[in-house]
Each structure stands twice: as C-alpha cells, then as structure tokens.
Amino acid sequence: MQLSEQELLRRENLQKLRDMGIEPYPAEAFEVTAYAKKIQEEFQEEAGEPLNFQQASLAGRLMGSRVMGKASFAELQDSTGRIQLYIARDEICPGEDKELYNTVFKKLLDIGDFIGVKGFVFRTRMGEITLHVKELTVLSKALHPLPVVKRDEEGNVYDAFTDPEQRYRQRYVDLTVNPHVKEIFFKRSKLISAMRRFFDDRGWLEVETPALQPIHGGAAARPFKTFHNTLEMPLYLRIANELYLKRLIVGGFEGVYEIGKMFRNEGMDRTHNPEFTSMEIYVAYKDYNWMMAMVEQLTEYIALEVTGHTKVEYEGKMIDFAGPYRRLSMYDAIKEYTGVDISEMDETALRATCKKMDITVDDSMGKGKLIDEIFGEKVEEHLIQPTYIIDYPVEMTPLAKKHRSQPGLVERFELFVNGKEIANAYSELNDPIDQRQRLMDQLRLADRGDFEAMAMDEDFLRSLEYGMPPTSGLGIGIDRLTMLLTNQHSIQEVLFFPQMRPEKAELPEQDKKEG
RNA sequence: GAGCCCGUAGCUCAGCCGGCUAGAGCACUUGACUUUUAAUCAAGGGGUCCUGGGUUCGAGUCCCAGCGGGCUCACCA
C-alpha cells in the first residue's frame, strides 16, 4: 500500500517518540478524573478565581492546536465533548530539558493522537474555560490523518466530513469528527433502555429465541439461507421470532418480549437494511384493544425519555405522541380519503375500483392485496399524527385471530406515524385448526411462486394444540422508531454499520458458490 | 430493477468550448510568536484527475464499457 506524505510523517514521529524513550502505546491505565462536558457545565469561580477542578485529569484525542512559541492552546476531545488546553513550555517542562514541549508536543504529536493531561481549570482572557496543563502523557499515536472539521464562532462548519459513503464505511471517523452523529446513537440507546424499562416494570420477561431457524416463519419475507455442517441441514436466519415467542406463552409465561436482530434477504434503500432490530412482545389474556392502550403509553413514555417531550419534530412536522391515538378501521380510512366504500365489494369490483384510481394491479392479486394497494396508495401518506388502522382483511394476515364480530376481517392494528408503519399487532390466532388452515393457504401461495409465503411449521401447530391462552402480540421496528425520534430520513443514519458493498470487490473464493 | 447525478491532494471543492508544468482553502513541513480560538505572519512539499478502452496533434475535460457512491422512483409487512 502506498502511504501518503502525512502517513509517512506520522510513522516517523512514532519512531522518534520511541527513540526518545516514550512509548506511543503505553500499557498502563491512565486515571481519568474529569470530563470536558462536566467541566464546561460545572466550572465555578469567584472574583475571577477558579473554585473547582483544580486537580483534573482528562484523556482524549488532540483535535487541534494553536502554537504561539513558548505557549500553546490545543483542543482535547474526550467521550463527552471538547475542552481547550493551555500548554506553556515552562509548566510542562519545569527543568532545563524542554524536549517534552519543543519536540514531543510541538513536533511529534499530531491531530487525532490520544493524550492524557493533568492540570487545573481556569478561564482565559477571552473567556474560554480551559485546562492549564501541568503534565502531558502520550496514550496512543494516530497514524492516519483525521479530516479536520472547523467551526467558527457562529457555528458555521468548514470542510465538513459529509460524504455518506465514507461516513458509513469509516464510522469511527464520522463519530470522532461529527458530534451530532454520536447524539443519534445516544438517543437510540435511550430508546431501547426506556422500552426495556417499561416492559420490565410491568413484569414481562425479556427472552432470547433462536436466530438460526430450521423453518423461517412469522412473517412474509425472503430469508437468508445457511448450512449447519454437523447437522447437515439448511438453516435460515430468522425473518421473525413470533412463532417462538408464542411457544413461550404456551409454556406458561404471561408476558415475554425480545429485542433483537431480524434478517431479510430483500432490497436495500433508505428504510430497509438486510438486518434490522425489532421488538416483539406477547402478553397472555389480552386482546388488541388492550394492546392499543398499552402502545399509546409506551410510545409516549419513550418519546419523553428520548427527547424530553411528547411532541417531536420530523421533516418539519410536529408529531404528538401523547395518547390516545385516533382509531380508524381500514374500510373507514379508505372511505375517508377516497370517498369510496369498499366494505361490500368483491374481488372484481375491487379490481375495477383500483383501475379507476389509477392503481396498477395484476391478476395474481387477491382481495386482501387489492385492498392493501388502495390503502398504500391513497391513505398511508395522510396519516401524519399517530393513528391506529384496525381490522384488516383475513387474507393478508395468517397469524391473527378472526374478528369477533366482522366476518372476513381479523383483529389487527398497525400504528402509522408520518405516513409510515411503526407498529403491528394482533389478537393472536390461538385456534390450532384455524391456524393450520391458514398456513395451508400460505402453502398454496408458495406453490404459485410467492417467495414470501409462510412455511408450514408443524411444531408450532403442535404447541397451539396443547393450548395457548388468548394473547395479544405486538412488533415494533426499532430502527424506524429511532428515525422518527431523531429526525433522520435514512435507516443508515441510525445504524452504526449499515450494510454496504465491500470496498474492494474481493469476496473469498469459497463463499462465491451457493447463492 | 429504472432514471438522474457524482468520483480531481489527507479533508472540502474549483477546473469554461479539449490547449502551456492541474488549482484554492484547510491539513502537512520549516521558521517567528507565553492567554489564542476557523489564531496570525513568512516560505515550502504533496496528485494513478476511480479503472480500462476509444476519438484527437493533444483528454481531468469528449465517447464507450466497467467499478464505487448519492438521490428519486419501483419492489418490499
């Protein structure tokens, strides 16, 4: 590999440090007693005299320096933020030997190097809270130059590191240089911990179920296929965990939930990544009406914990997560936004209606699919504030219980926010005979070439035959909820390492066979 | 999968209708400077113009193909 001039220089600096007896990658721990953000927030003084942080020890990256002869200012960035350093030659080199300042600090340290500093906090003439450095330690030398992003007093950013490809491929650089990116991931973490707290407080059990499954069930999607050598059998990366969580309800848990990765072998775009995080929860003796009330509390709680408000701005719109949310049946929603009542229509009439609405249809589409098309084309985009769409056609939903009063429908709801589906829930189907029938219907779809049709799962059916209590289940896409609460428009922005093509198209030989 | 756009220094980008040795700012190097803050001042180094073909006296620029990326649309619980 060809090294750039700057990379060669840094390697030379590394060697010079070693030649001076300074280990650029020391083994011993460095004691950190203070953090940039805390100092910025809590530093106090009286009559110009500093009161606290008079013995502070910080560690982080050197992010810039302004050398003025025998004294310098530098920027230290730790895990919490930045603080200015004041480094005076005669302070860090009290004796005759000025090498640490003249050579190590001024010549051999580069932007991006990790250093440890000890000293006291004061305020400069210009009013900046600054650490007056008494001791400086090299903690780790950086050999690769970091992009230098500068900000002026008004907050204007110069030479921003913004190329999406480079940001995702080298997320470590993105995180180092773009502080707002870190903020998104702090919020993502808060979201998940708030959700977990909400469920744990109600006594529901967090569980783990297999990610490697012999039968991929629980959703309509194409799976990733792999092979277990010892068992000599194909396995699938899970597209859903629904059928396993229901087995646990059969086994006697009253409430179980799992937050984990799902894998779908489908297209990628700004709302789809091949692996994504979902939360699914199942609670016994409940129905979908109870679940709607629960989700309102949950999303309101999460919005508050993550952003501090129930109102969140997304793409310039204010979205209010405070419940209760509007509930609208699928038929009523279509009537409201198209003026057409489709509740009594058969397949032929629906197909004609679609044509009138300029919706492209094909012959493979059944009644359920046609209704879904109308809904997707004409209604979804209008559902900006959190809205429950309830009662879906039975054809689209093989795992939901038939509606208690309306034939042809199932007890299902989806929560829409800003025109996008955020949550999906049912009164779960627990009639084993009905369930078998519905899965048989799916098999017939698969025979007709539907790659996404659900597979038969005899063990799951056996579990239902042992008896599953009435149960309500819910799934929430964590990535998309994170996008909403962080005002981000692509899923790549809420994943540390979104899926990308390899940088140099060099796939290992043995992996090329068997697609 | 389709359309549009992009790929030039470590980073952000300019480079016209094809025309001298390919440019700027930051970063980097050398020097000056003990309270600066996009520090400043002076001097300097740094390029596989994504790759491969083609047209041409001459290609960063035009054409073709490929690779990579972005946006939009389509597909997709």
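Keep in mind that the numbers below use all heavy atoms, side chains included, and drop hydrogens, waters and symmetry copies. Throughout, a chain's letter reflects where its sequence line sits, starting with A, and its residues are numbered from 1.
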Quiz item: Taking the side chain of A/Phe122 as its heavy atoms from C-beta onward, which of B/U29, B/U35, B/C11 lies nearest to it?
Solution: B/U35
Quiz item: Would A/Glu12 and A/Arg10 pass as an ion pair if we require N to O under 4.0 Å?
Solution: no
Quiz item: Should A/Lys401 and A/Asp434 count as an ion pair when the cut-off is N to O under 4.0 Å?
Solution: no
Practice problem: Return the orientation label for the A/His403 and A/Tyr288 ring planes: parallel under 30°, perpendicular over 60°, tilted otherwise. | Solution: perpendicular
Could you tell me whether [X] contacts a base, only the sugar-phosphate backbone, or nothing, with contacts defined as non-hydrogen atoms closer than 4.0 Å?
X: A/Phe413; value: nothing
X: A/Arg480; value: nothing
X: A/Arg501; value: sugar-phosphate
X: A/Arg66; value: base
X: A/Arg89; value: nothing

Quiz item: Under 4.0 Å between a side-chain N/O of A/Lys106 and OP1 or OP2 of B/U29, yes or no?
Solution: no
Quiz item: With stacking defined as ring centroids separated by under 5.5 Å and planes differing by under 30°, is A/Tyr158 stacked against B/A38?
Solution: yes
Quiz item: For A/Ala160 and A/Phe73, take the nucleotide of RNA chain B holding the closest heavy atom to each; which residue's nucleotide lies nearer the 5' end?
Solution: A/Ala160
Exercise. Mind jotting down which residue pairs meet the side chain to side chain donor-acceptor pair (under 3.5 Å) criterion with at least one end in residues 370-382 of chain A? Sequence neighbours excluded, please.
Key: none
